[in-house]
Asks: 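After the structure tokens below, expect a handful of questions from me.
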Amino acid sequence: MSELEPWQWDEPTWRGHVEKVRAGRPLVPDSWPGGAKVAVALSFDADHETPMLRDGEVSPGKLSQGEYGARVGVPRIMRLLDRFRAPATFFMPAVSALLHENEAKAYVDAGHEIALHGWIHERNTVLPPGIERELALRAMDTLEKVSGMRPSGVRTPSWDFSPHTLAITRELGLAYDSSLMADDDCYEILAEGEPTGIVELPVEWIRDDAVYFNMERFSALRPYTPPRGVLSLWRDEFDLAYAEGGVFQLTMHPHIIGHRSRIAILTELLEHIGAHEGVWFGTHAQVAEYVSGL
């Protein structure tokens, strides 16, 4: 017997899908640490070579694009963060950490956070549940061994979220996730209507560098927004977060944002943010810890 089409589902079926993972109570404080008006949570997905390896793309040309992130992008980013005294969160696939062990250690030594981002940037929505779990546990142990910091949060590769992801996140005892998109600001994740205690720091493609700058030579995928246009978008996102007293969360990739014309706009954005009073820069873990007490 074939499965029913969605238009044939009864109410318990479609309602069950919607309610499996849902946004719960908002977690927006009256003010941020030190009386700050806004929290700025910068994050970098240090994928490097792993998306290519995941897809079996092993040509030196493809892998060199990922190597650029580790070789050039990360040093530029680290210098910039140091200049603005801005702690950040680096979501790192375990294979990336094994390929670049000194880099993973350097994040922690500089006061930044390292967090889960899969084993090899796998697409967890196509994995059997047991494999997704096994890779998550292996990645957790690997990051702790390589960096010296046990992750307290996760961002799933490509923000994919399988029906089993939340259960695995809870089993790992993680404090937060940063893969879902139900709000601009933090909220508590619900599992089938029940509070989990896990904080969500929402992402959004608007605030991700990859959608503006990715390019694939054998397809129609081409960058369509000039860097200065991206700067305008992100500046507007920050300005309203500042006005609303919320979180300005940004997702970037060293092999993408690390190029000269793009690191220039990140510099200008941080200068714009720094010109405002009452700005608190926090890692994703610090933001999650602060709002979890609300």
Asks: CD1 of Ile257 to OH of Tyr212: how many Å apart, nearest 0.5 Å?
Replies: 11.0 Å
Asks: If you look at every heavy atom in Arg207 and Val203, which pair is closest and at what distance?
Replies: NH2-C, 3.5 Å
Asks: Is a salt bridge present between Asp55 and Arg123, judged by a nitrogen-to-oxygen distance below 4.0 Å?
Replies: yes
Asks: So how far is it from Arg54 CZ to Trp119 CH2, rounded to the nearest 0.5 Å?
Replies: 16.0 Å
Asks: After noting the C-alpha distance and the side-chain angles of Ile198 and Leu174, does the key distance pass the side-chain contact (heavy atoms from CB on, under 4.5 Å) rule?
Replies: CA-CA 7 Å; Ile198 297 174; Leu174 297 173; 6.0 Å; no
Asks: Minimum heavy-atom separation for Gly245 and Val28, please, with both atom names.
Replies: O-CG1, 4.0 Å
Asks: Under 4.5 Å between side-chain heavy atoms, hopping through other hydrophobics if needed: is there a path connecting Phe161 to Leu135?
Replies: no
Asks: Just by modelled atom types, is the Glu113 backbone N or O under 3.5 Å from a matching donor or acceptor in the Thr283 side chain?
Replies: no
Asks: Would you call Glu268 and Arg235 a salt bridge, using N to O less than 4.0 angstrom?
Replies: no
Asks: Checking Ser64 side chain against Glu67 main chain: does a donor-acceptor pair fall under 3.5 Å?
Replies: no
Asks: Taking the inter-plane angle between the rings of His259 and Tyr68 on a 0 to 90° scale, is it parallel (under 30°), tilted (30 to 60°) or perpendicular (over 60°)?
Replies: parallel
Asks: Can you tell if the side chain of Leu172 reaches within under 4.5 Å of the side chain of Val154, non-hydrogen atoms only?
Replies: no
Asks: Within the 4.5 Å heavy-atom criterion, are Met149 and Leu143 side-chain neighbours or not?
Replies: no
Asks: Of all the heavy-atom pairs spanning Ala46 and Ser96, show the shortest one and how long it is.
Replies: O-OG, 2.9 Å
Asks: Under a single-linkage definition using a 4.5 Å side-chain heavy-atom cutoff for Ile, Leu, Val, Met, Phe, Trp and Tyr, are Ile206 and Val247 assigned to the same hydrophobic cluster?
Replies: no
Asks: Are the side chains of Ser292 and Leu27 in touch, meaning some heavy atoms are under 4.5 Å apart?
Replies: no
Asks: Side chains of Leu270 and Phe238, heavy atoms from C-beta outward: is any pair under 4.5 Å?
Replies: no
Asks: Please check this pair: side chain of Glu188 against backbone of Gly197, looking for a donor-acceptor N/O pair closer than 3.5 Å.
Replies: yes
Asks: Would you please test Cys186 and Tyr176 for side-chain contact (heavy atoms from CB on, under 4.5 Å) and show each step?
Replies: CA-CA 10 Å; Cys186 298; Tyr176 76 87; over 6 Å; no
Asks: Please answer: with hydrophobic residues joined when any side-chain heavy atoms are less than 4.5 Å apart, are Met252 and Phe84 in the same cluster?
Replies: yes
Asks: Determine whether the side chains of Asp160 and Ser158 contain a donor N or O and an acceptor N or O closer than 3.5 Å.
Replies: no
Asks: On the 0 to 90° scale, with breaks at 30° and 60°, tag the Tyr242-His276 ring pair as parallel, tilted or perpendicular.
Replies: perpendicular
Asks: Under a single-linkage definition using a 4.5 Å side-chain heavy-atom cutoff for Ile, Leu, Val, Met, Phe, Trp and Tyr, are Phe91 and Val108 assigned to the same hydrophobic cluster?
Replies: no
Asks: Applying a strict under-4.5 Å side-chain criterion to I, L, V, M, F, W and Y, I'd like to know whether Leu127 and Val21 cluster together.
Replies: no
Asks: Which is it for Val74 and His48 under the side-chain contact (heavy atoms from CB on, under 4.5 Å) test, yes or no, and what are the steps along the way?
Replies: CA-CA 10 Å; Val74 167; His48 303 333; 3.8 Å; yes
Asks: Are any of the side-chain nitrogens in Glu271 or Arg83 under 4.0 Å away from the carboxylate oxygens of its partner?
Replies: yes
Asks: Answer yes or no: are there more than 12 heavy-atom neighbours, outside Arg260 itself, under 6.0 Å from its atom CZ?
Replies: no
Asks: Donor-acceptor pair, distance only, cut-off 3.5 Å: does the side chain of Glu122 make one with the backbone of Ile120?
Replies: yes
Asks: Would you say Tyr290 and Val199 make side-chain contact, with heavy atoms under 4.5 Å?
Replies: no
Asks: Taking atom types as modelled, is there a side-chain donor on His164 or Asn124 under 3.5 Å from an acceptor on the other?
Replies: no
Asks: So, Tyr107 versus Glu103: side-chain donor-acceptor pair below 3.5 Å or not?
Replies: yes
Asks: State, to 0.1 Å, how close Phe281 and Val279 come at their nearest heavy-atom pair, and which atoms those are.
Replies: CE1-CG1, 3.9 Å
Asks: Do side-chain atoms of Asp177 reach the backbone of Glu200 as a donor and acceptor pair under 3.5 angstrom?
Replies: no
Asks: Salt bridge check: are Glu11 and Arg15 linked by an N-O gap of less than 4.0 Å?
Replies: yes
Asks: Taking the side chain as C-beta and beyond, is there a heavy-atom pair between Met92 and Ser147 under 4.5 Å?
Replies: no
Asks: For this output row, return yes or no: ring centroids of His112 and Phe44 closer than 6.0 angstrom.
Replies: no
Asks: Check whether Ser152 reaches the backbone of Ala285 with its side chain - one donor and one acceptor, N or O, closer than 3.5 Å.
Replies: no
Asks: In terms of heavy-atom contacts, does CG of Asp30 have more than 12 from other residues, nucleotides or ligands at under 6.0 Å?
Replies: no
Asks: I'd like to know whether CZ of Arg76 has more than 12 heavy-atom contacts from other residues, nucleotides or ligands below 6.0 angstrom.
Replies: yes
Asks: Between the main-chain N or O of Leu250 and the side-chain N or O of Ser43, is there a donor-acceptor pair closer than 3.5 Å?
Replies: yes
Asks: Using a strict threshold of under 4.0 Å (side-chain N to carboxylate O), is an ion pair present between Glu57 and Lys62?
Replies: no
Asks: Just do the side chain to side chain donor-acceptor pair (under 3.5 Å) check on His255 and Asp47 with the steps written out, would you?
Replies: CA-CA 8 Å; His255 70 285; Asp47 301 335; 5.3 Å; no
Asks: With no hydrogens and no angle check, is any side-chain donor or acceptor of Glu5 less than 3.5 Å from a backbone partner on Trp7?
Replies: no
Asks: Looking at Arg222 and Glu216, would you say the former's side chain and the latter's main chain have a donor-acceptor pair under 3.5 Å?
Replies: yes
Asks: Show your working on side-chain contact (heavy atoms from CB on, under 4.5 Å) between Phe248 and Leu269 and close with a plain yes or no.
Replies: CA-CA 12 Å; Phe248 173 66; Leu269 177 65; 4.2 Å; yes
Asks: Answer yes or no: are there more than 12 heavy-atom neighbours, outside Glu289 itself, under 6.0 Å from its atom CD?
Replies: no
Asks: Answer yes or no: is there a side-chain heavy-atom contact under 4.5 Å between Met181 and Trp205?
Replies: yes
Asks: Can you tell me how far the OG1 atom of Thr156 sits from the NE2 atom of His121, to the nearest 0.5 Å?
Replies: 8.5 Å
Asks: State, with a plain yes or no, whether a side-chain heavy atom of Asp236 is found less than 4.5 Å away from one of Ser232.
Replies: yes
Asks: Looking at every non-hydrogen atom in both residues, tell me the closest pair between Val287 and Ala41 and how far apart they are.
Replies: CG2-CB, 4.3 Å
Asks: Closest approach of Ile114 and Ala104, non-hydrogen atoms and distance?
Replies: CD1-CB, 3.9 Å
Asks: Any ion pair linking Asp45 and Arg155 (charged N to carboxylate O, less than 4.0 Å)?
Replies: yes
Asks: When the ring planes of Trp280 and Trp32 are compared, do they come out parallel, tilted or perpendicular, using 30° and 60° as the limits?
Replies: parallel
